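Notes to accompany the following structure.
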There are 2 protein chains.
Amino acid sequence: MAKTDTRIQKKNQATIMQAGLEVFSQFGFRGSTLDQIAKAAGMSKPNLLYYFKSKEAVYTALLARLLENWLEPLKAIDRDGDPVEQLLGYANRKLDMSRNFPRESRLFANEIIQGAPRIGDVLKGELKDLVDEIAVVINGWAAAGRIKPVDPYHLIFTIWSLTQHYADFDVQVRAILGGVDPFEGAQSHLDMTLRGLLQPT
Amino acid sequence: MAKTDTRIQKKNQATIMQAGLEVFSQFGFRGSTLDQIAKAAGMSKPNLLYYFKSKEAVYTALLARLLENWLEPLKAIDRDGDPVEQLLGYANRKLDMSRNFPRESRLFANEIIQGAPRIGDVLKGELKDLVDEIAVVINGWAAAGRIKPVDPYHLIFTIWSLTQHYADFDVQVRAILGGVDPFEGAQSHLDMTLRGLLQPT
DNA sequence: CGTGGGTTTGACCGATTGGTCAAATAATGC
DNA sequence: GCATTATTTGACCAATCGGTCAAACCCACG
């Protein structure tokens, strides 16, 4: 029953989620309409609802998939690696995600700005636990003198904001840079910022 | 004709803009409804439309007021002052705005994320000109060895993202910090980050 | 007072919203 | 080939959307 996903089912579900990502990331949940998503997916509204039982179902499916990819880089930090290398590697991975998946970043940003009504529990649960754990590691690094003493939580916020900014505020960044590719200079500037903050003198 | 704004007119216009800020900053333009705003303003929908001729009029009035306050701190940078002091002062002013006017920040964030359909011209015009001008000043500071050599544009983006993050992602920040006040540690961490990036060795 | 302006709102409008349903169509297994 | 199932959609629904309008209200000022 649950395993009978046809080729065509998989394809249409993927198409719908792609279309939903496009629309939701631009207008947020309440600002998006099923007609918009159906049109972007190239199918009729009833056909869309044949695969997802509601607008909310499309949205939560997108959020669920997103959260997996979102937490992954944080988990990938090597607690036994070189501190500066690990933290810069994490930041660069996040920056790559902003470059390659800007719509996912904006979908997430929209959800948070609107008060995270659907993922507040994840933030206070899984995400907080993960950050708490990393914070202990970072505090250990600082205590050992391997990085400068920093507040680990605000360090994490710093990395998040610096990287996601290029996806979420893409329009503004490009308006100011003119024709220059934002990600060209972003990476080296990000590295420089974090090195200045972390590297022991 | 244009000067006959009664006491009650001023009061109701202010009430409506307050309510509009509350609603728009949470749901964006398309996700907000006139009924919501009218209810938040404690008046009927036709009464609201007696003071603003459309939903769009409320929104653009809010954006116009916002943009003034938004550009002001950037203009206030003293081109002849101490570089590090001026840049840290600017960052701290922006952080104060995130603390004291988080809804304004989220209103702006919503508009940008959604592609800035109503203020794209301001971004590419007035804002870009202002940033270009500051960039020249910063490059001058760097050339004189008064700050480390940095890309002035990405430096500005850094300040924007670091400060606005605390308003725009407030829910996430508080979810992770638990009961701790975010702005407690934010300011010193921000200062440390920028000093590490700017201060010549 | 009372009257003329500014103010407020209930009722309503056409358009759009999320979602349903029965019927038509396409694919699949035998 | 044919029947069965999966897929697709036009037509439709109640609710909500932004906005209108005429009538009621209120409040100064003579």
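Because the structure is a prediction, the values reported are computed rather than measured. Each chain gets a letter, A, B and so on, in the order the sequences are listed, and its residues count up from 1.
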Without decimals, in angstroms, what is the distance between [X] [atom1] and [N] [atom2]?
{"X": "A:Lys55", "N": "C:dG19", "atom1": "NZ", "atom2": "P", "answer": "8 Å"}
{"X": "B:Lys39", "N": "C:dT9", "atom1": "NZ", "atom2": "P", "answer": "15 Å"}
{"X": "B:Asp35", "N": "D:dA15", "atom1": "CG", "atom2": "P", "answer": "15 Å"}
{"X": "B:Phe52", "N": "D:dG19", "atom1": "CZ", "atom2": "C1'", "answer": "16 Å"}
{"X": "A:Glu56", "N": "C:dG18", "atom1": "CD", "atom2": "P", "answer": "12 Å"}
{"X": "A:Leu34", "N": "C:dT17", "atom1": "CG", "atom2": "C1'", "answer": "9 Å"}
{"X": "A:Arg30", "N": "C:dT16", "atom1": "CZ", "atom2": "P", "answer": "19 Å"}

Test: A:Lys148 cationic atom under 6.0 Å from A:Trp141 six-membered ring centre, within 45° of axis
no

On the nucleotide C:dT7, are OP1 or OP2 found under 4.0 Å from the side-chain N or O atoms that B:Asn47 carries?
no

For C:dT8 and B:Asn12 - does any side-chain N or O of the residue sit under 4.0 Å from the phosphate oxygens OP1/OP2?
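Answer is yes, contact under 4.0 Å.
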
Return the orientation label for the A:Phe169 and A:His165 ring planes: parallel under 30°, perpendicular over 60°, tilted otherwise.
parallel

From the list [options], which nucleotide is the closest neighbour of the side chain of [X]?
{"X": "B:Lys45", "options": "D:dG19, D:dT20, C:dT20", "result": "D:dG19"}
{"X": "B:Pro46", "options": "D:dT8, D:dC21, C:dG18", "result": "D:dC21"}
{"X": "B:Ile8", "options": "C:dT8, D:dA11, C:dG18", "result": "C:dT8"}
{"X": "B:Tyr50", "options": "D:dG18, C:dT17, C:dT7", "result": "C:dT7"}
{"X": "A:Gln9", "options": "C:dT8, C:dA11, D:dT7", "result": "D:dT7"}

Would B:Lys39 and B:Asp35 pass as an ion pair if we require N to O under 4.0 Å?
no

Classify the nucleic acid contact of A:Tyr51 as base, sugar-phosphate or nothing, counting any heavy atom under 4.0 Å across all strands shown.
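It contacts sugar-phosphate atoms only.
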
Just to be sure I understand the rule, does A:Thr33 reach a base, reach only the sugar-phosphate, or reach nothing, if contact means heavy atoms closer than 4.0 Å?
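Sugar-phosphate, backbone atoms only, no base.
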
Where do A:Arg93 and A:Asp96 land on the salt bridge (charged side-chain N to carboxylate O under 4.0 Å, His left out) test, with the steps shown first?
CA-CA 5 Å; A:Arg93 243 169 285 138; A:Asp96 283 341; over 6 Å; no

Want to settle it: does A:Lys53 or A:Gln36 sit nearer the 5' end of DNA chain C, counting the closest nucleotide to each?
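Looking at DNA chain C, the more 5' nearest nucleotide goes with A:Gln36.
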
For B:Phe183 and B:His189, I'd like to know if the aromatic rings sit close, meaning centre-to-centre distance below 6.0 Å.
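When the ring centroids of B:Phe183 and B:His189 are compared, they turn out to be at least 6.0 Å apart.
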
Earlier contact from the 5' end, DNA chain D, for B:Leu49 and A:Leu48:
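The residue whose closest nucleotide sits nearer the 5' end is A:Leu48.
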
